[in-house]
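Presented below is the structure to which this report refers.
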Amino acid sequence: MKQHLTAVIFALAIVLSSIVLGNAFLKRSQAQAKISVTGLGETDFISDLIVWEGLFEKQAYTLGEAYSGLEKDRKAVTEYLNSKGIASEEIVFSAVQSRQNTRAEYSPEGRFMGETFLGYILSQNISIESKEVEKVEKIAREITELLNKEIQFYSQAPRYYFTQLADLKIELISKATEDARIRAETIAKNSGATLGDLIVANMGIFQITGQNSGEDYSWGGTFNTSSKAKTASITMKLDYQIK
């Protein structure tokens, strides 16, 4: 009798094990029944903020002469910008930088003999940040007029930004998600399946490139500041169950 009971228990254990393994295999198969798609959200926009920087400098044999000349030039630069419609409070001047100006001396045989002191060079950076993009662009192009005033001014290329970037990013996420969902529905339909629940959603890198610039996307994200007209894009990778 005891032997029969043991055999029955053993048989039941085999049946239960088979049921458990079967359910595990079924769940595993169901978990693998998914589709992965990547959607793209993209839009063109025009920058609404410009940052322009430049530098002017003065050279003299003594620090006092150099500083006095730099002060005179700073006043002339401010007056010039005011005449172009830039308010004084929009102009930011950096701290004055100084360096010695020297000339290397060599013997007729080419041996270094030391340096000759020629004086001091003082320089100062200037920065303008404005939403009047076209006006500041025009000033950046015409700033060489200061050369007529004997002011040594070096202009940098303007940098362009967009103040509504956070809202734009949310809009692109929505576009990319919708694009991915449509792709998933199309693939499922063409495969004779039905799209199920969304399992996972992963956002890609936010990219900003100049329009018609030929810039390449970067794994870490591209953030163009040299072009006024830009293209922003983002990707969304979605995993759906399929039935």
Side-chain angles (χ1 to χ4, degrees), residues 1-51 131 133 157-243:
M1 180 67 178
K2 187 176 180 179
Q3 291 179 347
H4 290 295
L5 183 59
T6 302
V8 170
I9 293 173
F10 183 71
L12 287 172
I14 293 175
V15 172
L16 288 173
S17 297
S18 299
I19 293 173
V20 171
L21 290 173
N23 285 334
F25 180 77
L26 180 61
K27 290 180 179 179
R28 182 182 176 187
S29 298
Q30 290 174 340
Q32 291 176 339
K34 69 175 184 178
I35 185 171
S36 298
V37 289
T38 299
L40 174 65
E42 190 175 62
T43 189
D44 294 334
F45 66 95
I46 302 297
S47 303
D48 62 357
L49 180 70
I50 186 171
V51 177
K131 287 191 174 183
V133 178
R159 302 194 307 275
Y160 299 92
Y161 300 91
F162 188 58
T163 59
Q164 305 299 317
L165 208 55
D167 294 336
L168 182 65
K169 189 173 182 179
I170 293 173
E171 177 188 337
L172 292 180
I173 291 173
S174 177
K175 284 185 176 182
T177 302
E178 177 66 12
D179 182 54
R181 185 187 62 79
I182 293 173
R183 291 170 186 264
E185 287 177 343
T186 301
I187 294 173
K189 181 179 178 181
N190 292 339
S191 303
T194 303
L195 199 65
D197 295 331
L198 176 65
I199 305 171
V200 179
N202 290 311
M203 185 175 67
I205 301 298
F206 189 44
Q207 309 275 0
I208 296 180
T209 58
Q211 290 182 24
N212 306 314
S213 65
E215 283 182 86
D216 292 328
Y217 285 173
S218 166
W219 287 108
T222 298
F223 192 83
N224 176 288
T225 60
S226 60
S227 302
K228 181 168 65 174
K230 308 177 193 288
T231 299
S233 63
I234 200 168
T235 56
M236 287 293 297
K237 182 181 179 182
L238 308 182
D239 290 350
Y240 283 97
Q241 287 182 339
I242 54 173
K243 305 173 184 177

Item to complete: Determine yes or no for a side-chain-to-main-chain donor-acceptor pair under 3.5 angstrom, with Lys169 supplying the side chain and Phe206 the backbone.
Response: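 The answer is no, because no donor-acceptor pair under 3.5 Å joins these two groups.
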
Worksheet item: Which pairs, with at least one residue in residues 232-243 and sequence neighbours excluded, count as a salt bridge (Lys or Arg N to Asp or Glu O under 4.0 Å)?
Response: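 Qualifying pairs: Lys34-Asp239.
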
Identify the heavy atoms of [X] and [Y] that sit nearest to each other, and give their distance.
{"X": "Ile234", "Y": "Gly204", "answer": "CG1-O, 3.9 Å"}
{"X": "Leu198", "Y": "Ala201", "answer": "CD2-CB, 4.3 Å"}
{"X": "Ala232", "Y": "Leu168", "answer": "CB-CD2, 3.9 Å"}
{"X": "Arg181", "Y": "Leu195", "answer": "O-CD2, 4.4 Å"}
{"X": "Ser47", "Y": "Val133", "answer": "O-CG2, 4.0 Å"}
{"X": "Gly39", "Y": "Arg183", "answer": "CA-NE, 4.2 Å"}

Calculate, to the nearest 0.5 Å, the distance between atoms [atom1] and [atom2] belonging to [X] and [Y] respectively.
{"X": "Ile242", "Y": "Ile35", "atom1": "CD1", "atom2": "CD1", "value": "6.0 Å"}
{"X": "Leu172", "Y": "Asp167", "atom1": "CG", "atom2": "CG", "value": "11.0 Å"}
{"X": "Leu238", "Y": "Asn202", "atom1": "CG", "atom2": "CG", "value": "8.5 Å"}
{"X": "Ile173", "Y": "Met203", "atom1": "CD1", "atom2": "CE", "value": "5.0 Å"}
{"X": "Ile187", "Y": "Ser36", "atom1": "CD1", "atom2": "OG", "value": "9.5 Å"}

Fill in: Tyr160: ring-ring contact (aromatic ring centres under 6.0 Å, His included) partners, not counting sequence neighbours
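Result, ring-ring contact (aromatic ring centres under 6.0 Å, His included) vs Tyr160: none returned.
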
Worksheet item: Excluding sequence neighbours, so at least two apart, what forms ring-ring contact (aromatic ring centres under 6.0 Å, His included) with Phe223?
Response: none

Fill in: Residue pairs passing the side chain to side chain donor-acceptor pair (under 3.5 Å) test where at least one lies in residues 189-198, sequence neighbours excluded
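Sorted result for residues 189-198: empty, none.
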
Discussion item. Holding to side chain to side chain contact (heavy atoms under 4.5 Å, CB included), I want the full list of residues that pass it with Ser174, two or more places apart in sequence or in another chain.
Written reply: none

Worksheet entry | side chain to side chain contact (heavy atoms under 4.5 Å, CB included) against Leu40, all qualifying residues, sequence neighbours excluded | Glu42, Asp179, Ser233, Thr235

Discussion item. Is any side-chain heavy atom of Ser227 closer than 4.5 Å to one of Gln211?
Written reply: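 No, every pair of side-chain atoms sits at 4.5 Å or beyond.
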
Worksheet entry | For Lys230, the option from Thr225, Thr43, Asn224, Asp44 that meets side chain to side chain donor-acceptor pair (under 3.5 Å) |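 Result: among Thr225, Thr43, Asn224, Asp44, Asn224 is the only option passing the side chain to side chain donor-acceptor pair (under 3.5 Å) with Lys230.
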
Discussion item. What I want to find out is whether Glu178 reaches Lys175 closely enough, with some N-O distance under 4.0 Å, to be called a salt bridge.
Written reply: no

